[in-house]
Amino acid sequence: PRKNEAIFAKRVLSTYLKGRGIRVIIDLKGLEKFEPITLLGVLNGVRKEIDLLGGNLKLCSLKPEMLNYFRENRLDQFFQIYEDEERAKKSEWRNYGKR
């Protein structure tokens with residue numbers, strides 16, 4: 001996403017982030033080009049909103065260059081990353097309900 005697209009994406013995603021304990025999977029399969037800083041800004045903002053709700057966020061279908069960027073910058077410590085949507089769905093959700 002470019003800057004104007006990032007603002008739009010964050011606004012659209014925020015409308016869905018209302019329920020306590022929400023569980024979200026963001027599938028990045030269709031994302032062809034990305035500006036790492038802009039993408040990270042959107043994802044980090046969404047992650048923080050979900051954390052405040054006691055929820056959980058999973059990312060999946062990252063292109064190899066995007067996955068490498070996340071690993072090189074140790075962002076995989078902050079995001080649960082899966083190969084595809086099916087694996088993300090089958091994986092265990094972190095239990096934040098006790099917050």
Side-chain angles (χ1 to χ4, degrees):
R2 290 182 230 54
K3 282 188 177 181
N4 58 346
E5 291 172 339
I7 293 168
F8 177 73
K10 192 169 182 181
R11 187 178 306 139
V12 169
L13 289 171
S14 292
T15 61
Y16 296 101
L17 305 177
K18 297 184 187 234
R20 186 121 186 92
I22 189 168
R23 294 176 173 178
V24 178
I25 296 174
I26 297 180
D27 189 340
L28 299 170
K29 182 178 9 181
L31 187 63
E32 292 300 320
K33 293 185 178 184
F34 70 99
E35 293 179 26
I37 299 300
T38 306
L39 176 63
L40 182 58
V42 171
L43 292 176
N44 204 36
V46 169
R47 183 185 60 84
K48 287 179 180 179
E49 286 185 49
I50 291 170
D51 283 351
L52 288 173
L53 292 169
N56 197 333
L57 171 66
K58 296 179 181 183
L59 304 178
C60 65
S61 305
L62 279 74
K63 302 263 189 267
E65 61 273 8
M66 189 184 315
L67 184 57
N68 287 337
Y69 178 83
F70 272 66
R71 287 183 177 152
E72 288 171 2
N73 293 285
R74 300 187 335 185
L75 298 168
D76 53 346
Q77 296 177 17
F78 299 100
F79 293 96
Q80 289 179 274
I81 301 173
Y82 296 89
E83 188 175 322
D84 56 36
E85 186 178 356
E86 197 59 39
R87 289 178 195 241
K89 286 178 180 178
K90 288 181 180 179
S91 68
E92 202 170 309
W93 290 93
R94 292 182 182 160
N95 186 7
Y96 289 120
K98 297 182 181 179
R99 281 192 195 185

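The nearest pair of heavy atoms linking L53 to L17 is CD1-O, 3.4 Å. Closest of all the heavy-atom pairs between L31 and M66 is CD2-CE, 3.6 Å. Nearest heavy-atom pair, Q80 versus E92, reported as atom, atom and distance to 0.1 Å: NE2-O, 3.9 Å.
Residues passing the side-chain hydrogen bond (donor to acceptor under 3.5 Å, both in side chains) test with E85, sequence neighbours excluded: K89. Residues satisfying the ring-ring contact (aromatic ring centres under 6.0 Å, His included) criterion with Y82, sequence neighbours excluded, are absent altogether. Shown here are the side-chain hydrogen bond (donor to acceptor under 3.5 Å, both in side chains) partners of D84, two or more places apart in sequence or in another chain: there are none.
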Start with the C-alpha gap between L75 and L43, add the side-chain angles, then the distance that decides, and say whether side chain to side chain contact (heavy atoms under 4.5 Å, CB included) holds. CA-CA 11 Å; L75 298 168; L43 292 176; over 6 Å; no
Run the numbers on Y16 and V24 for side chain to side chain contact (heavy atoms under 4.5 Å, CB included), then give the verdict. CA-CA 10 Å; Y16 296 101; V24 178; over 6 Å; no
Intermediate values then yes/no, side chain to side chain contact (heavy atoms under 4.5 Å, CB included), L40 and F79: CA-CA 11 Å; L40 182 58; F79 293 96; 4.1 Å; yes
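Using a distance-only test at 3.5 Å, with no hydrogens or angles considered, a donor-acceptor pair links the side chain of K63 to the main chain of K29.
For the atom pair CG of L62 and CG of D76, the computed distance is 10.5 Å after rounding to the nearest 0.5 Å. Note that OG of S61 and CD1 of I25 are 10.0 Å apart. Values are rounded to the nearest 0.5 Å. Here the CG-SG distance, from L28 to C60, works out to 7.0 Å after rounding to the nearest 0.5 Å.
Side-chain contact annotation: R47 with N44, donor-acceptor N/O pair under 3.5 Å present.
Crowding of F78 atom CZ: a count of heavy atoms from other residues, nucleotides or ligands under 6.0 Å not exceeding 12.
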